[in-house]
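This report refers to the structure that appears directly beneath it.
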Amino acid sequence: MTIHHHISDELMLEYASGSLEEGWSIAVATHMALCPECRRRLSQMEAAAGLLVEAIEAAPASAQDNASWAALRQRLGKPSSRGNVEPRPAVLPEGRNVPEPLRSYLGGSLDTVKWRALGLGAYHHPIRTSDAATTVRLLRIPAGKPVPEHGHRGRELTLVLCGAFRDENGLFGVGDFEETDAEVEHQPIAEPGEDCICLAVTDAPLKFRSRIVRIIQPLLGI
Amino acid sequence: MSKSTQTPDTEDHTARLVAVGRNADLEAFEGLFRHFGPKIRAYMMKRSADRHLAEELMQETMMTVWNKADQFDPARGAASSWIFTIARNARVDAYRKSGRPAFDPSDPAFVPDGIMAADTMMEMDQEAGRLREAMGSLPPEQVELLKLSFYEEASHSMIAERLNLPIGTVKSRIRLAFSKLRDALGERS
Ligand SMILES: [Zn+2]
């Protein structure tokens, strides 16, 4: 897998600082699991953050610090996690897999996903999160076919998990990450060969422009 | 930044953290606590002025440092960077019930680092020094953006509003800052 499209500095900074909400973070962290290059950039950002925390001028040593140390010292036992790193079942479910954190949200492989028809040969699978501000789902676009054209009211993050698609911004294959913003209209078309499966995160319900989909949209609840 | 970027004692803290990881060295841990504890408390206060909660989150952070120090790998970064990630996660967990979704290096579907890792390790101590210097030479408006992001978890739109800047300017300053830092580390960006 060669990744050509990465996470922008702006978005990565939100992830590194802790401000990025759950929905977006699933896409960002799952790309990172596939991409050593972005992990390296993340660790550079965290190194910068470490320096900034060190640069905080805290109040000079005080009685509070002594009390605080005394309290913590009392609680220190033998380091609790040493030596007993919890054995992790290193077994992946059958079929085509995605890395964590997405896999736990899916609860299985890509081959056991329960798809719901979107019309025009496309399918989706909503993913439940506790983040009400975003919509997180898998999209499955038939090989060689377009995703119904859509405009966004805000940010959309797309991570390719299977197959590939092409749009105004280029070709996106497995592991590639696309960020689009308000007012952008793009027309992704799945490459021929195999269906394209993506993780898509948006902050507003997609507003499909295709007339047929627009008519059935309320029925599908998308 | 300027004053603290000159502080040459990063290696001491990294060595202390290694000693805590290897031997549960209490003296080394107290050194870390005296240095980082007050800074982490102040970091927590930047998100909310609740002193009691800040103290609690600081103690929780240092407790995690004690318990997980054996997982710290000095080849992958400085003590300050590792301790920051623990403090950040403690703060996120305190404010958001979903926590912070993260990748898991022990996951069999995780794609490990390539062969470049050996080079990277050799350069690690140099890299910390270069980054420190580069941070010191960033223009103040870029440092301010990084501080607002890391200290307060301010989103781009909050920063834009606070500094009365278009959001596009906020984003391009962020890109500029990190491309300078990467340049200083000798990487293409
Ligand atoms: Zn990447």
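Chain A is the first sequence line, chain B the second, and so forth, proteins listed ahead of strands; every chain is numbered from 1.
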With respect to chain B, which residue among [options] yields the maximal number of heavy-atom pairs within a distance under 4.5 Å?
options	result
T30(A), T129(A), L34(A), L102(A)	L34(A)
G175(A), S8(A), A29(A)	A29(A)
A16(A), S104(A), S62(A), A71(A)	A16(A)

Study note, to complete from the structure: In terms of heavy-atom pairs under 4.5 Å with chain A, the winner among L131(B), I83(B), V92(B) is L131(B)

Practice item. Mind ranking A102(B), A42(B), P105(B) by heavy-atom pairs under 4.5 Å with chain A and telling me who comes out on top? Key: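 Max contact count across the listed options: A102(B).
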
Counting only non-hydrogen atoms closer than 4.5 Å, does [X] touch chain A with its backbone (N, CA, C, O), its side chain (CB onward), both, or neither?
X	result
M45(B)	neither
R173(B)	neither
Q59(B)	both
P112(B)	backbone
S149(B)	both
F36(B)	side chain
F33(B)	side chain
E30(B)	both
L181(B)	side chain

Contacting moiety of [X], where chain B heavy atoms sit under 4.5 Å:
X	answer
V28(A)	neither
M45(A)	both
I3(A)	neither

Check your understanding: Does a donor on one side chain sit under 3.5 Å from an acceptor on the other, for E14(A) and S155(B)?
Key ->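 S155(B) and E14(A) do not have a side-chain donor-acceptor pair below 3.5 Å.
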
Identify the heavy atoms of [X] and [Y] that sit nearest to each other, and give their distance.
X	Y	value
E10(A)	H156(B)	O-NE2, 3.0 Å
S19(A)	A154(B)	OG-O, 4.4 Å
A58(A)	P38(B)	CB-CB, 3.5 Å
A48(A)	M135(B)	O-CE, 3.6 Å
D113(B)	R39(A)	OD1-NH2, 2.7 Å
F84(B)	V53(A)	CD1-CG2, 3.8 Å

[X] atom [atom1]: more than 12 heavy-atom contacts under 6.0 Å:
X	atom1	value
Q64(A)	CD	yes
R128(A)	CZ	no
E94(A)	CD	no
R51(B)	CZ	no
R96(A)	CZ	yes

Point to revise | Backbone of I56(A) reached by a side-chain donor or acceptor of Y43(B) within 3.5 Å | key: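 Side chain of Y43(B) to backbone of I56(A), a donor-acceptor pair under 3.5 Å: no, none is there.
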
Point to revise | Short side-chain to backbone donor-acceptor contact, R96(B) and G18(A), under 3.5 Å | key: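 Yes; judged by distance alone, with no hydrogens or angles, the pair exists.
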
Practice item. Evaluate side-chain contact (heavy atoms from CB on, under 4.5 Å) for W66(B) paired with L72(A), printing each intermediate quantity in order. Key: CA-CA 10 Å; W66(B) 173 254; L72(A) 184 63; over 6 Å; no

Review point. Under 6.0 Å from the six-membered ring centre of Y15(A) and within 45° of its axis: does the NZ or CZ of R100(B) meet both?
Key: yes

Salt bridge present between [X] and [Y] (N-O < 4.0 angstrom):
X	Y	answer
R40(A)	E127(B)	yes
D9(A)	R182(B)	yes
R41(B)	D65(A)	yes

Practice item. Please round to the nearest 0.5 Å and tell me the distance separating atom NE2 of H13(B) and atom CD of E54(A). Key: 5.5 Å

Check your understanding: Could you state the interatomic distance from CE (M62(B)) to CZ (R73(A)), rounded to the nearest 0.5 Å?
Key -> 14.0 Å

Point to revise | Criterion side-chain contact (heavy atoms from CB on, under 4.5 Å) on L13(A) and L145(B), from CA distance to verdict | key: CA-CA 10 Å; L13(A) 175 58; L145(B) 278 189; over 6 Å; no

Point to revise | Test log, rule side-chain contact (heavy atoms from CB on, under 4.5 Å), inputs E55(B) and S68(A) | key: CA-CA 8 Å; E55(B) 175 68 20; S68(A) 175; 2.6 Å; yes

Practice item. Quick one: do R34(B) and N66(A) satisfy side-chain contact (heavy atoms from CB on, under 4.5 Å)? Show the steps, please. Key: CA-CA 9 Å; R34(B) 299 278 179 191; N66(A) 290 330; 2.6 Å; yes

